[in-house]
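Just so you know, ligand 1 is whichever comes first in the structure, and atom 1 is the first atom listed for that ligand. The structure presented is a predicted model; accordingly, all values stated were derived computationally and were not measured.
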Amino acid sequence: MGAGAKTDLGVVVDALELPIVVLNTDATLAGFNAAAKSLLALTTSTVGRSLREADAVTGLMPDIEELTEHLLAGGAASQRELRTKNGSWFVVRATPQLGAQEKITGIILTFTNVTGFRASIEQAIYEREYTKTILNTVIDPLVVLDTDLRVQTANKAFYVVFHLSRQDGYGTVLSDLGNGEWNISRLLTHLRATLTGADSDLEPIEIEMEIPTVGCRMMRFNARTLFGGERRPRMILLTAEDVTEQRRAERAIRERYAQFETLLSEAPLGVYLVDDAFRIRAVNPKALPVFGDIPDLIGRDFDEVVHLLWPDHYADEIVARFRHTLETGDPYLVPETNGDRRDRDVREHYEWQISRIPLPDGRRGIVCYFREISAQVAAREALAENERRLIEASHRKDEFLATLAHELRNPLMPIRLTLTRMRRAGLTTSAIGNQLAMIDRQATNLQRIVDDLLEVSRITSGKIELKRERLDLVSAVNNAIESVRGLITQRKHAVSVTLPLGPAFLLADPLRIDQVLTNLLVNAVKYTDPGGRIWISLECKADEFEIRIRDEGIGIPEDMLPRIFEMFEQGRRDLARSTGGLGIGLSIVKKLTELHGGTIAAVSGGTGKGSEFTLRLPAGPEPAMIVVAPADPSRIAPGAVAPRRILVVDDNVDGADSFAGILRDLGHDVRVVNEGQAALRMNSEWQAEIVFLDIGLPGMDGYEVARQIRLQNTAACLVALTGYDHASARSRSFEAGFAQHLVKPPALGTILAVLDSLEAVTHN
Ligand code: ADP
């Protein structure tokens, strides 16, 4: 020891690895061993100098000085952990060197390097703190158990959540914790299973636990075993999570979905749900068939599914509609749509509707309600097709009736004209007079039927035109009564008539009003047994006229009343009461009345109780009277007119001859031909002044004949003779150059009027 005196002890001390320095009481260096020499970088020359001067490298001096001063001042031996400049740690211990009488003769300093030790201590402290911090930062309760399931440590949350005190914790077997609430065999078994390590991936388990003061909670336990060397289990980390609310919410959603599904399954419509991620979430039984054979429907992408079912353009449209409603919340309704199925070879028709709704789990979604209406559409189309056929059939029937009526006029003309001639020839007084009268009556009946038929075709084709003029309804009623007077007398009815004193003016078509009134009167007469009573009244109301025609006849059954004004509607009649009607009179009456802005209604007490028809017509304004001059009957006498060259052209030989007969009776020079070419020949030879020309001629029709006659002789006056008298037929006649249009069979008065008007034209 020391620089000089190498005692035996000194050699031993020198050999020690522990640095040792001896100081004098004045803190100067007295000696040091080899280890101290290298630690403090001392040299022999430093002996006798202060340690401060001697130690240039460690930087320990200030602290050592403090230590020695404390000792010299009488303090006990002491030590300090000191850090050198290069970061090593030393425990520097100062021990007094005592001489006689325990007097301090020097100080012995030893330097123990504790750097490595400190590092391991620090690491241990750090790790402890680290674990503690982690444990406490874990929000969920966490407990560390040893292999006997004793509590090693637990975080704060563990004590708080399970209402345990810390004293209970350390060293207690888990099952003994608290008031026995941890004695859960399922949990203990689970933990023991984790210890075996056989199944290191044990799933967490959920256990319902009674927690003091809290109550029943659903806890989710997750256990992990930590293994030491040789895979020996060391401890278990057990975490617990309170999943009560989560499970409750999930159950509520499940229940809501279940409710939803019950509602859906009971719905009478197809219903399905699509969520905001466009996944199909529910499909009710009614909707299932529409989705065909698509597997795993629930959860599939709606867009994809729709494209499996429908052609792209249709599917794209559906998807676009769904997206729009999902984004905007606007509901969308499609009353009828159809598409050709991609997965099966059919066209299907649907009615559908979508709305945005909150789904049971709170997300947004789309509900689609739909109904397959293919069957209804098919039925509707069949019905429409049927209706089309019916309309077509009805149209053909109308055409047939029109043709029939027109054709019937041809044979009627010669019959009636011949009758007229015979009567004019004085045959009425002879023996066959009565039979002629009978033929005349029947021909009149026939004429009426034909007129009615024509009227029907005009009504159905909307070709009725009113020629309105100022009309006194009182006279009209009187005239109508007069025209059925014969029939009334024949059936020995008593008629009572109540009319206003003055005239009752309205704007109406006199012919049509007469037709209406006559029809109603004839019915009253027809449908009342002979010797019955009929009441006719006309009343002027504020702005309308009310005509009532009442009889005490056969009456109208209740079930028939509502249909009485329909076409072809007839009451049941026995053969004996056959009246020769067609069941169209009242429908014409109604139509004509309505054309005049009026109404017609029927009441009856029932079969055998008589009937009453009430006709209401709006009263017209009262302008100055327009007087229409009646035809002058005196002109009918032969020789009253200048004779004319008249050519009659008609393929109906009887018709042509009878017509020619009438004209000859009136004193005219008449020639007859039966077809167009003959007419042209005759006219060019003979230069007729007037030509009565049938339109419906075989080969060259009347229009063509007229045109050619015009080319031959422009002076001839052309009169069309035809079964058609609607406006278009008339205007066509005038366009073809006819001066007049005569409807078959023409009445004598009409023939005269036509000749008169031609007279005026040709003489002007
Ligand atoms: P028609 O007399 O040609 O059968 P209508 O259209 O004039 O056709 O009348 C239709 C039906 O209404 C008649 O067949 C008859 O059954 C019933 N009817 C019309 N007027 C009377 C009436 N005054 N009394 C009883 N029945 C009537």
Would you say ligand 1 has an N or O under 3.5 Å from any N or O of [X]?
| X | value |
| --- | --- |
| I556 | no |
| L586 | yes |
| S587 | no |

Could you check whether [X] pairs with [Y] (Lys NZ or Arg NE/NH1/NH2 to Asp/Glu carboxylate O, under 4.0 Å)?
| X | Y | result |
| --- | --- | --- |
| K397 | E399 | no |
| D543 | R616 | no |
| R416 | D440 | yes |
| E381 | R388 | no |
| E482 | R485 | yes |

Residue-ligand contact F565/ligand 1, heavy atom below 4.0 Å =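 Outside the 4.0 Å threshold, so no.
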Under 4.0 angstrom from ligand 1, any heavy atom of G555?
->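 Yes, that is the case, since the closest heavy atom of the residue is under 4.0 Å from the ligand.
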Subset of ligand 1 atoms that lie under 4.0 Å from at least one heavy atom of [X]:
| X | value |
| --- | --- |
| M560 | 11 (C), 12 (O), 16 (O) |
| I554 | 25 (C) |
| I584 | 6 (O), 8 (O) |

Location of contacts on D551 toward ligand 1, heavy atoms closer than 4.0 Å = side chain
Who gets closest to atom 17 (C) of ligand 1 by heavy atom: I564, T528, I534?
-> I564
May I have the step-by-step check of side chain to side chain contact (heavy atoms under 4.5 Å, CB included) for Y703 and I695, ending in yes or no?
-> CA-CA 6 Å; Y703 298 121; I695 297 293; 3.6 Å; yes
Please name all residues satisfying ring pair (Phe, Tyr, Trp, His ring centres under 6.0 Å) with F659, sequence neighbours left out, ordered by chain then number.
->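 Listed in chain order: F692.
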